[in-house]
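Encoded as structure tokens, the structure appears first; notes follow it.
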Amino acid sequence: MKRALAIWAAIVVPIWIVLILCTHWEPVQRDGWGHFLYHRHVGLSFGSLYDFAKGTYTHNNPRLGQVFTLLQFTPGPWHEIITPIVELGLFYLLAAIVLGRWPSVRSSDDALLFLVIVALTALSAPQFGLMLFYRPYTGNYLFGLAVNLAFLVPYRFHYEARRPDRWWWLPIMIVLGFASGMANEHTGPAIVAAAVLATVEVWRRDRKVPAWAIAGIIAMIAGGVALFEAPGQAIRYNGLASHGSLIGRMLARGIVADLGLFGSLLGYLALTLPWIVIAVAARFAAGPTPTTRPRRRSELALLGVAVAIIATLLVSPKVGPRLYFGSVALGCAGIAGFVVRHLVPRWAKLGVAALSAAWLVFAGFNCVSAYHEVGPEFSARLALLEHAPANSVLDLPSYTVHRSRWVLDDDLAIAQIRNMVAFSFQLALIRLDGVGVADVPVSDDP
């Protein structure tokens, strides 16, 4: 047990440190300014939180993650404490869904599975650093996916092996199901379909299903309806979501572009090929590994859910790399499950562990170096904004970091954001580097 616990610590602690450092240094950018300024001008209380949740549901982004995003901007160390825990929890939930049980600190194989899931997701997910450290993305997509997975875990566990029914699971699954339905438009339909499929398989095995399973599915469907029919949906994207039918959007995009959505997912997941090659070589060297039928099917189901999420993008009014995070993470979890259960030879385990660790070291270095650079620059910029005289022209230095899959570039190069920040701090004008700004278009997917 001590050896397994040491392996878990060697994996989790460095990742956790990177997450804490980068959340600490993360600057306020783009959509984050609205949340930041809300705390400055309104503050956080139960009343203001309720008003914000109500307002965003009726007039803005109705997702549950929008409220979590506001909480991430709470002054103090809360972002550095809570966000890394949610992010580690996301990967832990993915490992639990693969295994059909909670990963054990007594198992080095479970630790390896966790490592491979994190590494493959870091390798394959576009804009991986932004999904973890740009709070509007973290709140709306990563947090939403974590809620989806928490909802799915009981179905996966019950599918692996029948468990005693507990009455208190009923209210828990009703709340969790509704929250899961409110989490995200793109992942919700595929997640509830996976829950339905697991429930059908349980019924075929036991000729009965627990009440919580039915209640959870109904609650998630209700949450999804509440999300899709929210008044705020008609306002978002300048009403684009209400223009045209679902089929019309798919046809308007064209068959080549539609197929390209699936091709992009395949391209992202193709980066995991070195891990798959090692697993296949280990399979031929050591022979088939004993495993449960639910485990094998769940690995395939995770890939199926990944594809199903992309299918929902066919009718989405907006498509961008950020919307691939859920499908890529689920697909990587399925691939990681296949890889790790075939790593019987020691050389195969060491090879996969080394390959995964090497990539995470590379990813961690890029994230820490980028945010260590931009974090102090933002702090200095914020001090200048706060102390500038009212109605003055403020010259600010540009950020020295450049846009990458780890970090955003300078958002004040965008006229709309620059003018909003100037107005919020009662300034007449903001200039970058004292020579004006070459404006760039505002992108919904930075």
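As the structure is a prediction and not an experimental result, all values here were calculated from the model.
Using a 4.5 Å heavy-atom threshold, the side chains of Y371 and V374 count as touching. In this structure, the side chains of L71 and L49 come closer than 4.5 Å at one or more pairs of heavy atoms. Between I310 and L323, every side-chain heavy-atom pair lies at or beyond the 4.5 Å cut-off. The shortest distance between side-chain heavy atoms of L145 and V147 does not fall below 4.5 Å. Residues V98 and L94 have side chains not in contact (no heavy-atom distance under 4.5 Å, counting atoms from C-beta outward). Looking only at side-chain heavy atoms (C-beta outward), P274 and L355 come within less than 4.5 Å of each other. Taking 4.5 Å as the limit, every side-chain heavy atom of Y159 sits out of range of all side-chain heavy atoms of L197. Here the side chains of I278 and V339 are not in contact, with every heavy-atom distance at 4.5 Å or above.
To the nearest 0.5 angstrom, Q127 atom CD is 11.5 Å from F325 atom CZ. Put simply, CG on N419 and CG on L429 are 7.5 Å apart, with the number rounded to the nearest 0.5 Å. Between the CH2 atom in W78 and the OG1 atom in T83 there is a gap of 12.5 Å [rounded to 0.5 Å]. Between atom SG of residue C22 and atom CD of residue E87 there is a gap of 9.5 Å, rounded to the nearest 0.5 Å. Remark: F262 CZ to L313 CG distance equals 8.0 Å, nearest 0.5 Å. Summarising the geometry, atom CG belonging to L227 is positioned 9.5 Å from atom CG belonging to L64; distances are rounded to the nearest 0.5 Å.
Figure legend: cation-pi geometry between R135 and F73, with NZ or CZ positioned under 6.0 Å from the six-membered ring centre and within 45° of its axis. Within the cation-pi definition used here (under 6.0 Å to the ring centroid, within 45° of the axis), R296 does not qualify as a partner of F338.
Although no hydrogens or angles enter the test, the distance criterion places a donor-acceptor pair under 3.5 Å between the side chain of T138 and the main chain of Y134. With hydrogens and angles ignored, the 3.5 Å screen pairs a side-chain donor or acceptor of S124 with a backbone N or O of Y268. Between the side chain of D31 and the backbone N or O of P136, no donor-acceptor pair lies under 3.5 Å. In terms of modelled atom types and a separation under 3.5 Å, the side chain of S107 and the main chain of P103 share no donor-acceptor contact. A donor-acceptor contact shorter than 3.5 Å is absent between the side chain of S392 and the backbone of A388. Checking side-chain atoms of R403 against main-chain N and O of L408 turns up no donor-acceptor pair under 3.5 Å. Between the E377 side chain and the T400 main chain, a donor and an acceptor come within less than 3.5 Å of each other. Side-chain atoms of S45 come within 3.5 Å of backbone atoms of S48 as a donor-acceptor pair (strictly under, hydrogens ignored). A donor-acceptor contact shorter than 3.5 Å links the side chain of H387 to the backbone of A383.
Between E386 and R381 no salt bridge is recorded (no basic side-chain N to carboxylate O distance below 4.0 Å). A salt bridge is defined here as a Lys NZ or Arg NE, NH1 or NH2 lying under 4.0 Å from an Asp or Glu carboxylate O, and R30 with D411 fails to meet this definition.
Aromatic ring orientation, F52 versus Y38: perpendicular (interplanar angle above 60°, classes split at 30° and 60°).
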Problem set entry | Residue pair R322, Y141: steps toward the side-chain contact (heavy atoms from CB on, under 4.5 Å) verdict | CA-CA 8 Å; R322 71 192 187 280; Y141 301 104; 2.9 Å; yes
Verdict with reasoning, N61 to T56, per side chain to side chain donor-acceptor pair (under 3.5 Å):
CA-CA 5 Å; N61 180 351; T56 195; 5.6 Å; no
For D110 and F114: C-alpha separation, side-chain torsions, deciding distance, then whether side-chain contact (heavy atoms from CB on, under 4.5 Å) applies. CA-CA 6 Å; D110 290 0; F114 179 87; over 6 Å; no
(request) Give the C-alpha distance, both sets of side-chain angles, the deciding distance and a yes or no for side chain to side chain donor-acceptor pair (under 3.5 Å) between S356 and W275. (result) CA-CA 9 Å; S356 302; W275 282 259; 2.9 Å; yes
Q: Would you sort out whether N391 and Q426 count as a side chain to side chain donor-acceptor pair (under 3.5 Å), showing the intermediate values?
A: CA-CA 6 Å; N391 300 315; Q426 299 181 340; over 6 Å; no
Is there a side-chain contact (heavy atoms from CB on, under 4.5 Å) between L303 and I335? Walk through the geometry before answering. CA-CA 8 Å; L303 292 170; I335 293 170; 4.0 Å; yes
>> salt bridge (charged side-chain N to carboxylate O under 4.0 Å, His left out) for D410 and R418? Distances and angles first, verdict last.
In response: CA-CA 10 Å; D410 200 326; R418 187 174 64 254; over 6 Å; no
>> Would I15 and F91 count as a side-chain contact (heavy atoms from CB on, under 4.5 Å) here? Give the steps.
In response: CA-CA 11 Å; I15 295 174; F91 297 112; over 6 Å; no
Legend entry - Full working for ring pair (Phe, Tyr, Trp, His ring centres under 6.0 Å) between W25 and F378: CA-CA 9 Å; W25 287 319; F378 168 75; over 10 Å; no
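Closest heavy-atom contact between L265 and A306: CD2-O, 3.8 Å. Summarising the geometry of W8 relative to S104, their closest heavy-atom pair is NE1-O, 2.9 Å, with the distance given to 0.1 Å. Between L427 and P389, the closest heavy-atom pair is CD2-O, 3.5 Å. The shortest heavy-atom contact between I309 and H186 is CG2-O, 3.6 Å. Shortest non-hydrogen contact noted between Y57 and A226 is OH-O, 2.6 Å. Nearest heavy atoms, L123 versus R405: O-NH2, 3.4 Å.
Here E299 pairs with R295, R341 under the salt bridge (charged side-chain N to carboxylate O under 4.0 Å, His left out) rule; sequence neighbours left out. Shown here are the side-chain hydrogen bond (donor to acceptor under 3.5 Å, both in side chains) partners of T74, two or more places apart in sequence or in another chain: there are none. Among residues two or more places apart in sequence or in another chain, the side chain to side chain contact (heavy atoms under 4.5 Å, CB included) test is passed with V421 by W33, L385, L412, I417, F425, I430.
For W406 and F133, the distance between ring centers is not under 6.0 angstrom. The six-membered or imidazole ring of F365 lies away from that of F362, with a centre-to-centre distance of 6.0 Å or more.
In the model, H79 has a side-chain atom that pairs as donor or acceptor with a side-chain atom of E26 under 3.5 Å.
Shown here is H39, whose NE2 atom has more than 12 heavy atoms of other residues, nucleotides or ligands within 6.0 Å. Within a 6.0 Å sphere centred on CH2 of W359, heavy atoms belonging to other residues, nucleotides or ligands number more than 12. The neighbour count for H402 NE2, taken as heavy atoms of other residues, nucleotides or ligands under 6.0 Å away, does not exceed 12. Within 6.0 Å of CD on E373 lie more than 12 heavy atoms contributed by other residues, nucleotides or ligands.
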